[in-house]
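This report refers to the structure that appears directly beneath it.
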Amino acid sequence: MQDLAIIFDWLGLAVRWLHVITAMAWIGASFYFIALDLMLKPNEALPEGAHGEEWEVHGGGFYHTVKYMVAPERLPEHLTWHKWQSYTTWLSGAALLMIVYWAGAELYLIDLSKMELTQFQAILISAGSLTIGWLVYDFLCKSELGDHPTLLMVLLFVILVGMAWGYNQVFTGRAALLHLGAFTATIMTANVFLIIMPNQRIVVGDLKAGRVPDAKYGKIAKLRSTHNNYLTLPVVFLMLSNHYPLAFATEYNWLIASLVFLLGVTIRHYFNSIHAGKGNPTWTWLVSVLIFILIMWISTAPLRQDTYEESQARELTVTEQVFASATGFEDATNIVAGRCSMCHAREPFWDGIHRAPKGLLLETPADIARAAKQVYLQAGVTHAMPPANITAMDDSERAQIRAWYRAARAELPFSLAMH
């Protein structure tokens, strides 16, 4: 267990696993309650203060749900609060952001062709943008715009488009889309933590004190919950986008991300309408398909990446210099060039490969020094690359890659050893 890169990679997998599990729980609960709320039916026999009811069957049993617009006259002894799914999803996502994009800022976060940033500066922009985004959004919701939900949603979309463009001017394409997803997810979780849950606590406190709760708290929570409902699908897309260079590495990736938000609206509108019994808006299918076709067309625009000559000429970072000067680097470069660069090239020449997988380039010494950790983990420690060992990389070559990486890492300070 002396290899920090391996430990750190397993830590990343564990946190990602937790993130996916809790996200499924949060999204599932969110979709269920939105659907339930829309399907409620009035009934004269309902208790006083009840808004509607719904009968459901699942797992061999029948469920009878009754919703109160404010609250029942007397609270039950057992009350389930749906909050930890949201909190744990955000916390695990924040941890994953730190592990992948902050610790690996030189490879995944910073794009020197866009903006020359130090690791600290890039992290400061990353964290600061998430905080400022929530403050601006919260201010708008609490303003008079809160009484005009449609106008507020349009303005929110404009802000998201602006953030997509802004992130793409600063970070790598991969980091830009990921941060847009994190920006949106921060708004969603803050809605739960800072608005929805406190309002529910006020209602519960009033009931316990024998006071009649003010209905405005439910109205405020409903607005934020509706925003979360329409933002969920785009966030999932953005979190998955880092696997697809066609989404994040093109010149207009910010426009693709913007269209994804519209796509999420059309999809959710269809299901919300069905659940509310307001008809079957099949027009949303056509609109969704057309938006997706437009996204695919935009993705054919030129990739945003440095040229071979620019990569050769650029100045190496401190970390890259250590890997480039380490014993065995020349041998590792020759191995990677012979076994990997036919796919991981600016213009791949392997049949069926049109874009470098995950946008990772391995043509020049600078490319390889920058992606040292990925080369080590994917082709040195494991046999993940080349896929099915299609270029016949032998064990001695993998051993040379391991020896080079470990020699370089031994010269790095602890703060950079996971790179």
- Pairs where residues 327-373 contributes a residue and the test ring-ring contact (aromatic ring centres under 6.0 Å, His included) is met, not counting sequence neighbours: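 For residues 327-373: F329-W404.
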Taking [X] first and then [Y], would you say they form a salt bridge - that is, a charged N and a carboxylate O separated by under 4.0 Å?
X	Y	value
D394	R398	no
R402	D395	no
E397	R339	yes
D138	R224	yes
R355	E347	no

Taking all non-hydrogen atoms of both residues into account, name the closest pair between [X] and [Y] and its distance.
X	Y	answer
W81	Q200	CZ3-CB, 3.8 Å
L96	G12	CD1-O, 3.5 Å
I274	G279	CD1-O, 3.5 Å
R370	I110	NH2-O, 2.8 Å
L246	T250	O-CG2, 3.4 Å
L177	S241	CB-OG, 3.5 Å

- Are side-chain heavy atoms of I291 and V287 found at a separation under 4.5 Å?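 Heavy-atom side-chain distance check passes, below 4.5 Å.
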- Within a strict 4.5 Å, meaning less than it, do heavy atoms of the T391 and C340 side chains meet?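 Contact flag for T391/C340 side chains = no.
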Check the side chains of [Y] and [X] for a donor-acceptor pair under 3.5 angstrom, ignoring hydrogens and angles.
X	Y	value
R406	Y376	yes
S113	D306	no
T22	T89	yes
N199	K216	no

- Message: More than 12 heavy atoms of other residues, nucleotides or ligands under 6.0 Å from NZ of K41: yes or no?
- Response: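 Atom NZ in K41 is crowded, with more than 12 foreign heavy atoms closer than 6.0 Å.
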- Item | Gap separating the CD atom of E106 from the CG atom of L112, nearest 0.5 angstrom |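 E106 CD to L112 CG: 8.5 Å, rounded to 0.5 Å.
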Holding to ring pair (Phe, Tyr, Trp, His ring centres under 6.0 Å), I want the full list of residues that pass it with [X], two or more places apart in sequence or in another chain.
X	value
Y137	W134, H227
Y32	none
Y270	W285

- Query: Quick check, are the ring centers of Y68 and H51 under 6.0 angstrom apart?
  - Reply: no
Please tabulate, for side-chain N and O atoms in residues 228-238, each donor-acceptor pair with protein atoms closer than 3.5 Å (sequence neighbours left out).
unit_1 : atom_1 : unit_2 : atom_2 : d
N228   : OD1    : N191   : ND2    : 3.1
N228   : ND2    : M188   : O      : 3.2
N229   : OD1    : R268   : NE     : 3.0
N229   : OD1    : R268   : NH2    : 3.1
Y230   : OH     : N272   : ND2    : 3.2
T232   : OG1    : N228   : O      : 2.7

- Message: Can you pull out every side chain to side chain donor-acceptor pair (under 3.5 Å) where at least one residue sits in residues 171-188? Sequence neighbours excluded, please.
- Response: W90-T186, Y101-R174, S126-H179
- Task: With ring-ring contact (aromatic ring centres under 6.0 Å, His included) as the test, would you mind laying out the steps for H269 and W283 before giving the verdict?
- Result: CA-CA 11 Å; H269 178 72; W283 61 267; 5.6 Å; yes
- Task: Take F171 and L178, measure what side-chain contact (heavy atoms from CB on, under 4.5 Å) needs, and give me the verdict at the end.
- Result: CA-CA 10 Å; F171 296 144; L178 188 284; over 6 Å; no
